[in-house]
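First the structure, in the form of structure tokens, and then the observations on it.
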Amino acid sequence: MENRIVTTFAELSAAAPALGRLAAIKKPQKVVYHVAKLVKYVQAELKHFDESRIELVKKYGTERPATPEELAAGVGSESMFEITDAESRKKFSDEFTELCDVEVEIPWRRVKFSDLQDFEISAADVLALEPLMAFDEDERTAAPSPDATS
């Protein structure tokens, strides 16, 4: 198995909530270590993604005071940025799409799906985690058992 994961910011961002749920499941120490280290790498990459996204919002947005509702919700700032005009929204959207498509390399191995077979994990989480998981070829291509269709 390759000792690196190549994915995109968009896939990492989509996988992050499922990875958090996976990290919360009690597992053998070998798997715990592997998942914990993967979480650290993903968090570091997503920090860069979030910082870049915020810069884009500031680039195309207009600063305004936070509303009382936003302050009550804990936005953490007295001011907000809002993208109001169509041209700025289009430019933001185009650059944000480019940012989402940036290739990211994580210097760590994928989590083996077979290491998680004894734990409850939803199909939705497996799909979200797919860029971070390694599947045995027979796991990807196996046909459902006959009694699974009844």
Side-chain angles (χ1 to χ4, degrees), residues 1-63 70 73-77 79-149:
M1 184 171 8
E2 194 172 351
N3 287 327
R4 71 186 184 110
I5 300 169
V6 178
T7 186
T8 64
F9 275 136
E11 289 177 327
L12 277 187
S13 185
L19 185 59
R21 288 186 291 277
L22 178 61
I25 297 172
K26 293 187 187 284
K27 302 168 281 308
Q29 289 305 305
K30 175 183 168 188
V31 180
V32 166
Y33 173 76
H34 187 91
V35 170
K37 192 153 182 174
L38 182 58
V39 166
K40 282 185 163 186
Y41 282 123
V42 169
Q43 286 174 337
E45 291 298 335
L46 288 178
K47 181 179 179 196
H48 297 299
F49 175 69
D50 200 43
E51 289 168 352
S52 297
R53 180 190 57 79
I54 289 168
E55 287 305 312
L56 282 176
V57 170
K58 288 180 178 179
K59 179 178 178 180
Y60 292 109
T62 305
E63 190 171 11
E70 290 167 336
V75 295
S77 177
S79 64
M80 303 288 292
F81 283 83
E82 191 171 58
I83 303 172
T84 55
D85 66 274
E87 183 179 336
S88 293
R89 278 195 298 274
K90 170 78 171 110
K91 289 178 181 178
F92 169 82
S93 179
D94 291 347
E95 286 191 44
F96 185 67
T97 298
E98 286 178 27
L99 176 63
C100 287
D101 291 341
V102 167
E103 195 171 86
V104 177
E105 185 173 321
I106 296 174
W108 195 235
R109 296 178 316 278
R110 296 175 187 275
V111 175
K112 290 184 192 175
F113 182 71
S114 58
D115 286 347
L116 305 176
Q117 66 188 9
D118 295 331
F119 307 100
E120 281 192 33
I121 182 169
S122 71
D125 282 352
V126 170
L127 289 171
L129 290 167
E130 192 169 8
L132 305 175
M133 295 183 82
F135 298 88
D136 292 338
E137 197 54 39
D138 60 333
E139 291 172 333
R140 281 187 182 254
T141 59
S145 64
D147 57 2
T149 57

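Atom set for the values below is all heavy atoms of this structure, side chains included, hydrogens, waters and symmetry mates excluded. Residues: numbered from 1 along the sequence shown.
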Can you list the steps and then say if Val126 with Leu116 is a side chain to side chain contact (heavy atoms under 4.5 Å, CB included)? CA-CA 10 Å; Val126 170; Leu116 305 176; over 6 Å; no
Rounded distance (nearest 0.5 Å) linking atom CG of Asp136 with atom NZ of Lys112: 7.5 Å
Note: Ala18 and Ala128 closest approach over all heavy atoms is CB-CB, 3.9 Å
For Met80 and Glu70, work out which heavy atoms get closest and say how close. CG-OE1, 3.4 Å
Could you tell me whether a side-chain N or O of Lys27 sits under 3.5 Å from a main-chain N or O of Leu22, the two making a donor and an acceptor? yes
Going through the distances and angles, do Phe135 and Glu130 end up as a side chain to side chain contact (heavy atoms under 4.5 Å, CB included)? CA-CA 9 Å; Phe135 298 88; Glu130 192 169 8; 3.8 Å; yes
Quick one: does Ser93's side chain have a donor or acceptor within less than 3.5 Å of a partner on Arg89's backbone? no
Arg53 CZ to Cys100 SG distance, which is reported to the nearest 0.5 Å: 10.0 Å
Considering only NZ, NE, NH1 and NH2 on the basic side and carboxylate oxygens on the acidic side, decide whether Asp50 and Lys47 come within less than 4.0 Å. no
Between atom CG of Asp118 and atom CD1 of Ile25, what is the distance when rounded to the nearest 0.5 Å? 11.5 Å
For Val35 and Ala23, which heavy atoms make the closest approach, and how far apart are they? CG1-CA, 3.9 Å
Looking at every non-hydrogen atom in both residues, tell me the closest pair between Pro131 and Ile5 and how far apart they are. O-CG2, 3.4 Å
Tell me whether Glu63 at atom CD has more than 12 heavy atoms from other residues, nucleotides or ligands lying less than 6.0 Å away. yes
Nearest-0.5 Å distance, CG of residue Leu38 to CD of residue Gln43: 10.0 Å
Roughly how far, to the nearest 0.5 Å, is the CZ atom of Arg21 from the CD atom of Glu120? 13.5 Å
Here the pair of heavy atoms bringing Glu105 nearest to Arg4 is OE1-NH1, 3.0 Å
When rounded to the nearest 0.5 angstrom, what distance separates CD1 in Ile106 from CG in Asn3? 13.0 Å
If you compare all heavy atoms of Asp125 against all heavy atoms of Ser122, which two are closest, and at what distance to 0.1 Å? N-OG, 3.0 Å
By ring-ring contact (aromatic ring centres under 6.0 Å, His included), Phe49 pairs with (sequence neighbours left out) Phe9, Phe96
Between Lys30 (side chain only) and Pro28 (backbone N and O only), is there a donor and an acceptor less than 3.5 Å apart? no
Keeping the roles fixed (side chain from Trp108, backbone from His34), state whether a donor-acceptor pair exists under 3.5 Å. yes
Evaluate the side chain to side chain contact (heavy atoms under 4.5 Å, CB included) criterion for residues Leu12 and Leu132: first the C-alpha distance (whole Å), next the side-chain angles of each, then the deciding distance (0.1 Å), finally the verdict. CA-CA 8 Å; Leu12 277 187; Leu132 305 175; 3.8 Å; yes
Mind checking side-chain hydrogen bond (donor to acceptor under 3.5 Å, both in side chains) for Glu87 and listing every partner two or more places apart, or none if nothing turns up? Lys91
